[in-house]
Amino acid sequence: MRLVLAGFGVVGQSFARLLLEEEKELAGRYGLVPMVVGIVDRSGWLVDEQGIDVRRALKSKKETGKVSKSANSAGKPADVIRDIEAEVLVEATPTNFKTGEPGFSFMKAAFESKKHVVTCNKGPVSLAYAALHELARHNGVELRFSGAVGGGTPVLDFGKTCSTGDELVGIRGILNGTCNYILTRMEEEGIPFEQALREAQKAGYAEADPSLDIDGYDTAVKLVITANHLLMSRAGINDVKIKGIRGISSKEVLARKEQGKAIRLVASVTRERGLTVQPTVLERGHPLCISGANNAVEFECRYSGPKVIIGKGAGGPETATSLLRDLLEIRGNFNGSAATVPAYGTEVA
Ligand SMILES: NC(=O)c1ccc[n+]([C@@H]2O[C@H](COP(=O)([O-])OP(=O)(O)OC[C@H]3O[C@@H](n4cnc5c(N)ncnc54)[C@H](OP(=O)(O)O)[C@@H]3O)[C@@H](O)[C@H]2O)c1
């Protein structure tokens with residue numbers, strides 16, 4: 001299976017390392033022999049249709065910031081992605097919540113040249129969920145994005161399984177590890193919000209500009225993807241009522257703690273009440289009342305009741321496993337041939 005990697009940062013490099021570390025297992029257990037034929041980053045691209053030496057590319061990236069001294073930058077990366085002979089684009093460029101770029105153009109180029117796409121990039125998937133699926137279907141290929149929600153924790157796949165043979169009536173969860181870390185630290189140490197935020201930045205959980213996390217936007221985008229994927233809704237970010245955790249005082253957090261409760265940033269969707277992201281008081285023993293930078297999602301099923309999945313919501317090696325899981329599913333579905341691809345959304349007998 002020939003792969004093009006777009007984005008060779010924390011997740012892209014972790015994915016490349018995972019391919020190397022699991023080489024024997026992938027071949028022996030799944031018959032998957034991946035060959036990286038292109039790597040695209042901000043500085044340009046390296047293409048070798050005979051297969052790139054991934055170890056060397058990782059070393060070069062570490063030492064020089066480029067995948068190779070001979071990396072090219074003449075032309076457009078989307079054209080490079082379109083023209084490379086490959087089966088799958090593994091897309092891990094930064095999330096852009098407003099335009100979805102550059103991921104959106106890369107995915108479009110991949111679909112138009114009959115390549116499957118696996119991605120962990122929330123931007124394009126949340127902005128153009130239906131259009132991307134339509135484009136994939138039109139070209140007889142697949143779009144997979146399990147790493148876009150929950151990092152390495154298979155939230156979307158678990159939700160899909162819950163809804164098979166049952167009906168999902170609601171989903172609610174903790175989808176942003178940074179907010180959860182901040183609230184947990186405020187609760188454990190009685191420290192103010194600003195101090196807990198600085199700790200989260202120091203620990204590498206929060207960005208230098210953490211507003212997308214603490215104002216609830218990142219959670220809302222993941223909720224939109226989850227709702228569209230699992231409840232077949234056509235939601236956009238403007239359909240979500242959003243309130244973040246900025247302004248929550250340690251006094252409030254400690255008062256809830258005294259009552260055996262805790263405040264968490266909870267994303268929720270039901271058909272009746274729509275989509276919301278807001279600080280919510282939970283009983284301490286509630287399965288969603290998790291600590292630290294974790295994620296937890298509860299799926300409420302009409303017949304079989306609630307089910308909860310908990311795990312790390314981010315991290316390079318963790319998120320790389322989602323990309324690999326998606327790749328293996330594509331491999332399983334298509335057995336290496338795009339000719340037998342069932343259309344997205346069609347029922348397979
Ligand atoms: N990190 C996580 O824990 C995590 C978890 C879940 C989902 N995600 C998602 O995964 C994606 C990647 O995250 P990351 O942490 O790996 O980010 P990152 O470390 O910043 O890496 C981004 C990569 O994309 C490349 N890039 C940026 N702009 C580009 C452009 N215009 N054209 C081509 N390449 C470009 C960068 O190139 P340079 O190397 O040259 O700068 C870099 O290699 C994001 O969408 C993120 O939301 C990340």
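Hydrogens, waters and symmetry mates are skipped; everything else that's a heavy atom, side chains included, is used. Counting starts at 1 for both ligands and their atoms, in listed order.
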Can you tell me the protein heavy atom closest to [atom] and the distance?
atom	answer
atom 17 (O) of ligand 1	Val10 N, 4.5 Å
atom 5 (C) of ligand 1	Thr319 OG1, 3.1 Å
atom 11 (C) of ligand 1	Thr93 O, 3.3 Å
atom 34 (N) of ligand 1	Asp41 C, 3.3 Å
atom 47 (O) of ligand 1	Thr95 OG1, 2.7 Å
atom 25 (C) of ligand 1	Gly7 CA, 3.9 Å
atom 12 (C) of ligand 1	Ala92 O, 3.3 Å
atom 29 (C) of ligand 1	Arg42 CG, 3.3 Å

Subset of ligand 1 atoms that lie under 4.0 Å from at least one heavy atom of [X]:
X	answer
Cys120	7 (C), 8 (N), 9 (C), 10 (O), 11 (C)
Pro94	22 (C), 24 (O), 26 (N), 27 (C), 28 (N), 44 (C), 45 (O)
Gly147	6 (C), 7 (C)
Gly315	2 (C), 3 (O)
Lys61	38 (P), 39 (O), 40 (O)
Phe8	23 (C), 42 (C), 43 (O)
Ala314	3 (O)
Lys122	47 (O)

- Item | Contact check: Gly65 vs ligand 1, nitrogen or oxygen atoms, below 3.5 angstrom | no
Item to complete: Report the C-alpha distance between Leu19 and Val36 in whole Å, list the side-chain angles of each, state the deciding distance to 0.1 Å, and finish with yes or no for side chain to side chain contact (heavy atoms under 4.5 Å, CB included).
Response: CA-CA 10 Å; Leu19 291 184; Val36 177; 4.1 Å; yes
Please step through side chain to side chain contact (heavy atoms under 4.5 Å, CB included) for the pair Tyr30 and Arg331, ending with a clear verdict. CA-CA 9 Å; Tyr30 302 101; Arg331 161 86 193 171; 5.5 Å; no
As an exercise, state the distance from [atom1] of [X] to [atom2] of [Y], rounded to the nearest 0.5 Å.
X	Y	atom1	atom2	value
Met232	Leu168	CE	CG	9.5 Å
Arg2	Ile52	CZ	CD1	13.5 Å
Leu275	Asn238	CG	CG	11.5 Å
Asp48	Met35	CG	CE	8.5 Å

Under 3.5 Å, is there a donor on one side chain and an acceptor on the other for Thr64 and Lys61? no
- Message: Can you confirm whether the side chains of Thr119 and Asn121 place a donor and an acceptor under 3.5 Å from each other?
- Response: no
What do we get for [X] next to ligand 1 when only non-hydrogen atoms under 4.0 Å count, side chain, backbone, both or neither?
X	answer
Phe106	side chain
Pro102	side chain
Val11	both
Glu318	neither

### Task
Mark the output for Pro77 as yes if a heavy-atom distance to ligand 1 is under 4.0 Å, and as no if none is.
no
**OP:** With atom 42 (C) of ligand 1 as the reference point, say which of Gly9, Ser105, Pro317 has the nearest heavy atom.
**Re:**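 Looking at heavy atoms only, the winner is Gly9.
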Is the closest basic N to carboxylate O distance between Arg82 and Asp79 below 4.0 Å?
-> yes
Is any side-chain N of the basic residue among Arg29 and Glu22 closer than 4.0 Å to the acidic one's carboxylate O?
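Salt bridge between Arg29 and Glu22, a charged N being under 4.0 Å from a carboxylate O: no.
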Is the Tyr181 ring parallel, tilted or perpendicular to the Tyr205 ring (thresholds 30°, 60°)? tilted
inquiry  = As a test of the contact definition, would atom 21 (O) of ligand 1 count as having a protein heavy-atom neighbour under 4.0 Å?
reply    = yes
| task | Carefully, step by step, assess Arg137 and Glu134 under the rule salt bridge (charged side-chain N to carboxylate O under 4.0 Å, His left out). | result | CA-CA 5 Å; Arg137 175 163 66 170; Glu134 188 47 45; 3.0 Å; yes
Quiz item: For the residue pair His229 and Phe145, is the inter-centroid distance of their aromatic rings smaller than 6.0 Å?
Solution: yes
Is the number of heavy atoms from other residues, nucleotides or ligands within 6.0 Å of CZ (Arg256) greater than 12?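 Incorrect, the count does not exceed 12.
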